[in-house]
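For reference, the structure discussed in these notes is given below.
The sequence lines fix the lettering, A, B, ..., with proteins before strands; numbering per chain opens at 1.
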Amino acid sequence: MRDLVDAIRPLLGSVMSEIGVQESDWNNLLAGSTDSTFADVALPCHSLSKVLRKAPNTIADEILENLGSTTEGICQVSSINGFLNFSADPNWLCEILQESLIDDRLRVLTEEPRVIVIDYSSPNVAKHMHVGHLRSTVIGDALNRMLSHKGHRVVPENHIGDWGTPFGMLIEHLIDLGLDSEAQHIDLSTFYSDARAKFDADSDFASRSRARVVRMQSSEPETIELWQMLVDRSLIHFNEVYQRMGILLSNNDLAGESKYESALPRVVEKLAEVGLLEESDGAKVVYLDGWKNREGEPLPLIIQKADGGYNYATSDLACILDRIENVGSRDFLYVVGAEQAQHFAMVFEVARNAGFMDEGVNAIHVPFGLVMGTDGKKLASRTGGAVHLNDLLIEAVERADAIVAEKSPNLSKDERAEVSKMLGIGAIKYADLSTDRNNNYTFEWEKMLSFDGNTAPYLQYAHARICSIFSKDEIDRDLIRDSEIILTHEREIALARALIRFPESLDSACSSHSPHKLATQLHNIAQAFGSFYEVCTVLNAENSTKLSRLALCDLTARTLQTGLDLLGIDSPHRM
RNA sequence: GGGCGUGUAGCAUAGCCUGGAUAAUGCACUGGCCUCCUAAGCCAGGGACCGCGGGUUCGAAUCCUGCCGCGCCCGCCA
């Protein structure tokens, strides 16, 4: 209820100064009510007792009296138990909704544009994407959409794992499989684990692999060609998954480790220049204040290994330099699992100490909790427990299809396929985006593929029902935007209250990088609509009421559709 | 041992940043609602020492502190 607070604040300001309360004493007290049955906005007056030496009740009464009729047309005010309660006036709600109705942006303001790099998805070459990649991909994509909508230029970066020691064995394995085979025929589901198994069992293969790493790092053309074949094969797979999921990432956004390979020596040089680099057991490292290992000894960030190879941290530092020098960004979001919190904290600290980033650069790790197996442990591809992402997506669409076939037998085959995809993929994404990303969650098919309750299909259903109203009467939705909104029924008012909170929920979701704050509000709107729809007839209503309700429906549908779109979820017109 | 995160009805979660009133939502459970715009829905109901103990405060799920449980991380993997 940001708008109502803004409307009340100046009125309250003059009263407060009249009765002798300084702004600093009440400014933070005025806020949304904890319980909407009491009010929309409340001012608890208890803490003012100290200043005014009066009972909270008396103070609230006094303020109420002094406000007089100034709040007329904005809200109703009452005083209970030392609380001053403000309930939005339906006429005021109408004014706000009327603004939204004619606004393509639904009152969502744009911010001072920034260039924001978002690092997300990051699958590994030569491996299938699995459920572990789901969160980064879905959350990162939602942040991409939300921040773009707020007016920023988002630069997505997909840091695929395409370089490093494992590629020696992967390339040798590729050679063993026969070079004549087409890249498309490489089976990613077993490729990596087969190579790994051979590496562990066959010492000859292992030494060939190590030699191959050296040839790769020296950019030997033949080796690079084989490497490229693995990358290309993997990209076909990644893009298939992205397309199926409706993820915005494309090959233009690739920023694999290989991209920074040539920049790594420069990182070492620059760190040495500023005197941060030290040697420890043959490795080049940076020590940071306050970081200790298990034995209580100083814990360094390793920049260059004893064997001369580089680390993850080094390419992250190279990447930071690149973003500042070439991308021209000062805002970096890393949508990466919470288990890497320490890594990023150390990398950022080194980058600051070394002068790579000044104080004005916002490098933010946006962590998310782990996907757990039913055994209560992290779900990892290594242990073989991880479900392939593609399989999960296909299963989701199939299950959705079975339900659509049952509930909407009238849809054509093509339309049904389209709708099933929107519902199935939407359900998967929403399951991830509707809760606080910091929480771990246990992977369970049933839960992730539920279509009842607080799920994407519930929101999509509300949207589809509205579209159905419009198609029933062949109403031009553009013309509806000139209609006057009149709120009389309590459920119309409740819906209005939910709708006007949309912009602030998006802002809150953006500033905290928490898509669930938007998802929660969209669910509130869909619920309010469900209640409204049940008792407020639209098409059979008397003329001005009908037009008003059609406008309310149009606004609800556009809000749901826009909000879902910002989460990366489609809104079918029929389902 | 240290660090980060987390603990809210049987289950899954929101609320915690920025303290406020009777702790909100979904699943599951009980009962009701399709001759009327999509019942994937709506209405009503039961179900909570908000992990435990201290502290701050007129007031704590929320802030501080100490425990406990769970998860993750803690030098050459990414």
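- Q340(A) comes within 4.0 angstrom of a base, heavy atoms only.
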Measure all distances between protein nitrogen or oxygen atoms and nitrogen or oxygen atoms of nucleotides 14-18 of chain B, and list the pairs falling under 3.5 Å.
| unit_1 | atom_1 | unit_2 | atom_2 | d |
| --- | --- | --- | --- | --- |
| A14(B) | OP1 | D436(A) | N | 2.4 |
| A14(B) | OP1 | N439(A) | ND2 | 3.2 |
| A14(B) | OP2 | N439(A) | ND2 | 2.9 |
| G15(B) | OP1 | H516(A) | NE2 | 3.1 |

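- Between A40(B) and U56(B), the two C1' atoms lie 49 Å apart (nearest whole Å).
- The P atoms of U8(B) and A61(B) are separated by 15 Å, rounded to the nearest whole Å.
- Look at C34(B): its glycosidic torsion is within 90° of 0, and that puts it in the syn range.
- Residue-level contact check: L423(A) touches the bases, meaning some heavy atom is under 4.0 Å from a base atom.
- For an aromatic pair to be called close, the ring centres must be under 6.0 Å apart, and F86(A) with F38(A) fails this.
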* Could you go through the side-chain contact (heavy atoms from CB on, under 4.5 Å) check for W445(A) and R399(A) one step at a time? => CA-CA 11 Å; W445(A) 287 98; R399(A) 292 204 192 192; 4.0 Å; yes

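- In this model, a donor atom of one side chain and an acceptor atom of the other lie less than 3.5 Å apart for T37(A) and D35(A).
- Among the atoms of the strands shown, base atoms are found under 4.0 Å from some heavy atom of M575(A).
- Comparing A40(B), U25(B), C37(B) by their closest approach to the side chain of K472(A) singles out C37(B).
- We find that K546(A) and E542(A) are not joined by a salt bridge, their nearest charged nitrogen and carboxylate oxygen being 4.0 Å or further apart.
- Looking at heavy-atom distances under 4.0 Å, V404(A) makes contact with a base.
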Below 3.5 Å between N/O atoms, which protein atoms pair up with nucleotides 8-11 of chain B? Just atom names and distances, please.
none

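- Here the separation of G41(B) from A9(B), taken at their P atoms, is 24 Å to the nearest Å.
- C64(B) and C17(B) have their P atoms separated by 9 Å, given to the nearest Å.
- When each of C58(B), U25(B), C73(B) is scored by its nearest atom to the side-chain atoms of E339(A), the top-ranked nucleotide is C73(B).
- For W26(A), the ring-ring contact (aromatic ring centres under 6.0 Å, His included) test picks out no residue, with sequence neighbours left out.
- Contacts of L539(A) with the nucleic acid, taken as non-hydrogen atoms under 4.0 Å apart, include base atoms.
- Here F83(A) counts as stacked on A21(B): its ring centre is under 5.5 angstrom from the base ring centre and the planes meet at under 30°.
- Using a 4.0 Å heavy-atom criterion, one finds that G530(A) contacts the sugar-phosphate atoms exclusively.
- Counting any heavy atom pair closer than 4.0 Å across all strands shown, Y458(A) reaches sugar-phosphate atoms only and no base atom.
- The pair D6(A)-R2(A) does not meet the salt-bridge criterion, since no charged nitrogen lies less than 4.0 angstrom from a carboxylate oxygen.
- T537(A) comes within contact range of at least one nucleobase, with a heavy-atom separation under 4.0 Å.
- You'll find that the side chain of N438(A) is closest to G5(B), out of A21(B), C76(B), G5(B).
- For E534(A) against G41(B), a side-chain N or O and a base N or O form a donor-acceptor pair under 3.5 Å.
- Using a 4.0 Å heavy-atom cutoff across all strands shown, N85(A) reaches at least one base atom of the nucleic acid.
- Looking at heavy-atom distances under 4.0 Å, N28(A) makes no contact with the nucleic acid at all.
- Taking only side-chain nitrogens and oxygens, K305(A) comes nearer than 4.0 Å to OP1 or OP2 of C77(B).
- Between the side chains of H159(A) and E157(A), at least one donor N or O sits under 3.5 Å from an acceptor N or O.
- The shortest side-chain heavy-atom distance between F167(A) and R212(A) does not fall under the 4.5 Å cut-off.
- R465(A) has a side-chain polar atom (N or O) that falls below the 4.0 Å cut-off from OP1 or OP2 of A39(B).
- In this structure, A31(A) reaches neither bases nor backbone, as no heavy-atom distance under 4.0 Å exists between it and the strands shown.
- Residue Y312(A) has no polar side-chain atom (N or O) positioned under 4.0 Å from OP1 or OP2 of A78(B).
- Evaluation of atom-type donor-acceptor distances gives no pair under 3.5 Å for the side chain of D452(A) against the base of A28(B).
- Counting any heavy atom pair closer than 4.0 Å across all strands shown, N293(A) reaches a base atom.
- Listed candidates were A40(B), C36(B), C43(B). Nearest to the side chain of R491(A) is C43(B).
- Stacking of the aromatic ring of Y533(A) onto the base of G41(B) is not found under the criterion of centres within 5.5 Å and planes under 30°.
- Residue N311(A) places its side chain closer to C76(B) than to any other of G75(B), C76(B), U38(B).
- OP1 and OP2 of A12(B) both lie 4.0 Å or more from every side-chain N or O belonging to K447(A).
- Note on E297(A) versus K292(A): no salt bridge recorded, every NZ/NE/NH1/NH2 to OD/OE distance being 4.0 Å or above.
- A side-chain donor-acceptor contact under 3.5 Å links Y430(A) and N454(A).
- Note that R477(A) lies in the cation-pi zone of F470(A), set by a 6.0 Å cut-off to the ring centre and a 45° limit from the axis.
- Taking the P atom of each, G3(B) and A12(B) are spaced 28 Å apart, rounded to whole Å.
- In this structure, E62(A) pairs ionically with K54(A), as a charged nitrogen and a carboxylate oxygen lie closer than 4.0 Å.
- Using a 4.0 Å cut-off, no side-chain N or O of S408(A) falls inside it from OP1 or OP2 of U38(B).
- Between the P atoms of G55(B) and G46(B), the separation comes to 35 Å (whole Å).
- Atom P of G75(B) sits at a distance of 26 Å from the matching atom of G66(B), rounded to the whole Å.
- Counting any heavy atom pair closer than 4.0 Å across all strands shown, S47(A) reaches a base atom.
- Nucleic acid contact for A283(A): base, since at least one base atom lies under 4.0 Å from a heavy atom of the residue.
- With no hydrogens or angles considered, a side-chain donor-acceptor pair links H343(A) and D316(A) at under 3.5 Å.
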